[in-house]
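The structure appears right after this line, and notes come after that.
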4 protein chains.
Amino acid sequence: MSHNSFGHLFRVTTFGESHGPAIGCVVDGCPPGLELSEADIQPFLDQRRPGQSRHTTQRQEADQVRILSGVFEGLTTGTPIGLMIENTDQRSKDYSEIKDKFRPGHADFTYIEKYGIRDYRGGGRSSARETAMRVAAGAVARKVLGAGIEIRGALVRMGKKVINADNWDWDEVSRNPFFCPDAAAASEFESYLDGIRKAGSSVGGVVEVQATGVPAGWGAPIYGKLDGDLAAAMMSINAVKGVEIGAGMAAAELTGEENADDMRMAGNRPTFLSNNAGGILGGISSGQEVIVRFAVKPTSSILTPRQTVDREGNETEIFTKGRHDPCVGIRAVPVGEAMMACVLADHLLRHRAQCGS
Amino acid sequence: MSHNSFGHLFRVTTFGESHGPAIGCVVDGCPPGLELSEADIQPFLDQRRPGQSRHTTQRQEADQVRILSGVFEGLTTGTPIGLMIENTDQRSKDYSEIKDKFRPGHADFTYIEKYGIRDYRGGGRSSARETAMRVAAGAVARKVLGAGIEIRGALVRMGKKVINADNWDWDEVSRNPFFCPDAAAASEFESYLDGIRKAGSSVGGVVEVQATGVPAGWGAPIYGKLDGDLAAAMMSINAVKGVEIGAGMAAAELTGEENADDMRMAGNRPTFLSNNAGGILGGISSGQEVIVRFAVKPTSSILTPRQTVDREGNETEIFTKGRHDPCVGIRAVPVGEAMMACVLADHLLRHRAQCGS
Amino acid sequence: MSHNSFGHLFRVTTFGESHGPAIGCVVDGCPPGLELSEADIQPFLDQRRPGQSRHTTQRQEADQVRILSGVFEGLTTGTPIGLMIENTDQRSKDYSEIKDKFRPGHADFTYIEKYGIRDYRGGGRSSARETAMRVAAGAVARKVLGAGIEIRGALVRMGKKVINADNWDWDEVSRNPFFCPDAAAASEFESYLDGIRKAGSSVGGVVEVQATGVPAGWGAPIYGKLDGDLAAAMMSINAVKGVEIGAGMAAAELTGEENADDMRMAGNRPTFLSNNAGGILGGISSGQEVIVRFAVKPTSSILTPRQTVDREGNETEIFTKGRHDPCVGIRAVPVGEAMMACVLADHLLRHRAQCGS
Amino acid sequence: MSHNSFGHLFRVTTFGESHGPAIGCVVDGCPPGLELSEADIQPFLDQRRPGQSRHTTQRQEADQVRILSGVFEGLTTGTPIGLMIENTDQRSKDYSEIKDKFRPGHADFTYIEKYGIRDYRGGGRSSARETAMRVAAGAVARKVLGAGIEIRGALVRMGKKVINADNWDWDEVSRNPFFCPDAAAASEFESYLDGIRKAGSSVGGVVEVQATGVPAGWGAPIYGKLDGDLAAAMMSINAVKGVEIGAGMAAAELTGEENADDMRMAGNRPTFLSNNAGGILGGISSGQEVIVRFAVKPTSSILTPRQTVDREGNETEIFTKGRHDPCVGIRAVPVGEAMMACVLADHLLRHRAQCGS
């Protein structure tokens, strides 16, 4: 058991705080003989990197990843892959405001209740900075999965604004700063978020991640279900409050006839006529697209003062100046992709272990 | 790692198929010295037991649990608790229809793809019969948690029908066959489900589970988050397609101001003025009610024929006669409670290990 | 984590006490499609069964194993295999002597110190009765390993008496009641143990277990070493106090020249000219025979009164009447074989997961 | 599951190769609020550090440890502790000799068989360099255990030379370069090892590690036994071939009367009149000294040419020039202490989890 490890056979252990010298991770269980270099990882980190548009935090981090072990002459060796990113923008700052006051919506209060101590600089361990290592590990996981499996994420809701699924265009995702697959919605998102940001406010969002090319048979009953692991993976991302597979919460409103994904043959392979299941039946992949969505709550750091208390039990107010994402859902897109990749890589290995291929 | 175990320090391993001789589980890690007998477990099993009203499957199972180990002179000894329920109503039946055809929405196809073999009798391992052992383990978990923590569940949506939260009355839950906390809605559910059942159809539902009395400080960053574990727990229940904590998916629509749970003092303890967080901040309990909801899809077994294929690749049709729940969401209520209890018992022990109390 | 589970991918969880209604285990992770029935397991249980000669305890247990799940139409299905043995000879007995007194060498004192409670009937959970389930699980593990891997154990020392390795004859093992591979030594063991038994005494022993046919490449650095797992496996058997791989403790006395296992070619495969390594280099199998030895202490239950104390802190004496093995090392032979089988099956799956074959 | 992690609640994950840029580890599960700085760790690393006498390898490594996370204002925070040591003496060297030839006794052959690739520089991952991180983690574990538990190791055998236990003096251990507790034996070891070294040979050794102050009650049946975990811990150290608890392998030669550790009262606490059990009964600590011994084989790198084969299947010879320990058993002493500390820290937390103190 480990509170800071994820996965079983493709296993990622992360460490590091927002304002410590470095963050890092160990990727254990990676198969040998895969081509891997920093250049395979960096592009994914760059997608998540802050400070790339006015719509995300202005913290400047190069997020340059360094491989410390597990790769020899350009190939993975089967030994643990150590990855590290040095923190460079640990802006010297006056922490007196947040040192003793609990910021509502943040983990300040609960860390103190649990540990009796917390690194209050930039959120410490509870900072979303940790997700950089998830993205790095996710890049390794993609190598394990190979080119046949494609994992893509998109922001499908920003506050009250939702995309029109009929407009879905994966190419659009890289053309706007929101990972939005609907050009019209992206334009709406932009003006909407400008208003939110200028008001010192924030807003939630919904991310959808899809994986194509996943063969039927991955996952396992009962507590090793693919959807169970995806739920844990996504819910473990900072600020996530809900996770859905396929039809998701809406499945509750359907009848059996509406929900059934009928089967036909497509050549010599069974196929499905719809995908309410999100590609998973009985916890095992069906060969359809694996589809997961998760809701990210609005950033708790806003300029409007909120009522709170301090460590000594005094009632007080707090508002959070500084560099924040008005919609953390945006940067959660590459993180969600990475978690999907890690879960699938783990299940590839788990399936191969028991069933031999 | 185990595909059939749940939890880390309070660890449950289940076995058994729908139509095998017995189902069972091993509860490992239970603290010593707790009073425990079959009489502590049976009432929870009776809540989940089929055949108690016309609204659930007519399979008749006594679900009599037997403690095989780990209890001596009425007290837990700290050694593993073996629990077993013999299957009594394995109705002799003609399985020729489902032996070779894949029932849409069931795990038939994916089990064959994974294992190349499946026990097709009543769904085998993928049957919700396995959840009886979760309920049994949950009863043990409640002993670990003690009387100060109360865990209660309710059905808050049945298909298109939702409860009115203003009418919420926990006492009502035991007065209707739907675990519905709203008497008016329960009445609606009844006629609605009669129609569904008579049509040979089925419908989904949403279950909400609440835990009161959970102290602040349980859970752990980063991959041991209380909400991450709850998400995995609930998503691992048969037919669940979505999990929410607190505001859940709706958190995506909120602004930071709307979502913030402001803090004040209540006597000498901090308190919160709302609970969008569902009692969990940064993966750690805040001392508020822990609130989780999950969506259960409609039973896939319906009388309307569906298009499918068989193992030989022939296109065909199937419909499922026999004993089925028109709304499996109902019997998922005690299962959801049990999973909440197991997650909390595990985190009680995990917290005590690291933080000493 | 689980205190009562062993292995990772081939994972065994046991439960049950010496004088409870039953003992059992769950074998999780077994590959699908293997032929398995009670008849595959029973012969190994019969080897370990008490009461078969005057040299072992006279407790009479049929040790009839029952498969409760995970097998369908004679084949494993990939779902957990539940196994159970009912305890039949729970001789009604006066436990007043051992209820409150701590038997030296037994776990009586430490169980009370740990748990504050203990099932004193026949040793409860600390009884070697639990090893029956190891043997049952080992029989399943052998199925996973297939016919190409042979696992055999032998008693190579009984107290002061040792075998002559030059006389080693595997066929001899089944011809005497000691699993002794040396006919001359077996004869010595017999008269020696008769003397020990008649004196109400007991004596230790050394068991050697060998596995042939293990391919090179199983095991893993650093904490998943094959020898590390074998050491844990054997040391977890009741009464074991030492474990050796290959040259074992004697390796400390060798020079580098003496210890080196030189390599040559045998046809187109590398081979070794000696096997001080016991078939394991760097934690990974070399393709040679895997050889492990372990020391079993003498049974602590003897007729000579020993000084002890009771739960109230009074100094007193105790001696243990009843049915005991004068040399528990004998019945440890099939247990050691079973643990070797379980470790190897686990590593077969772990290797296949990471390295693909 | 992780091949490169050790422990459950006090969990150490290591990474790094002998000649990569750095080695490191993550210590997860450490309780919060413990004083910790590099100065607490460095002295233990210095004990293990190479190049301190003519009796160990002349590789020069400062082994300066750096804490990357998990400590704030001098106290542990409960979040993962990242530790790193940069490799500084990666001597540029001609590896053509060992690149394709398998060194007998090393993991060269088995790594290639397993992974199809190996980092041959200085042994790569199979180098004992990894043990530096064990020592670092062990220093953290000592903090968890507190001042009441003392862990000390000693070299009690070097090849044919053994200490006289009657001369045991812990103070002597730091006065000679062998961690030898017997001044007379240390003198013998010196001339003996000079001869070995000058001959280009090597020799094995036996290390004993003792822990005092361990309370009764740590450890757990059946597969979480304290001795089982110690056996795995010690066997996982490079070059170890045997592990003993208490009387160890010699227990096989004893009768029940000789082996029994009788009990008496010492004031109001039970005590034992001998310690053949090595402080562990039924897998649980008895309150006596916990005593483990392990055998380290002679260094496989010697100057005498050995017969071997190369990757292409040619028969050839190899001898290993360069910097090697003539008796790796010496530097295994601080490593053995560290593993004892890690096992005990893990069991402290595990015991507290289940039993509450």
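Because the structure is a prediction, the values reported are computed rather than measured.
- Of the atoms belonging to D:Ile67, it is backbone heavy atoms, and not side-chain ones, that fall under 4.5 Å from chain A.
- A:Ala233 and A:Arg134 get closest at one heavy-atom pair: O-NH1, 4.0 Å.
- Donor-acceptor pairing under 3.5 Å is lacking for the side chains of A:His3 and D:Asp28.
- Among D:Pro31, D:Gly70, D:Ser5, the residue making the largest number of heavy-atom pairs under 4.5 Å with chain A is D:Gly70.
- Note: A:Pro80 leads A:Pro80, A:Pro32, A:Gly78 in heavy-atom pairs under 4.5 Å with chain D.
- Across D:Phe72, D:Tyr120, D:Phe15, D:Tyr115, the residue that shares the most heavy-atom pairs under 4.5 angstrom with chain A is D:Phe72.
- Ion pairing of A:Asp346 with A:Arg11 is absent here, as no side-chain N (NZ or NE/NH1/NH2) approaches a carboxylate O to less than 4.0 Å.
- Paired with D:Asp108 under the rule salt bridge (charged side-chain N to carboxylate O under 4.0 Å, His left out), one option of D:Arg103, D:Arg311, D:Arg125 passes, and it is D:Arg103.
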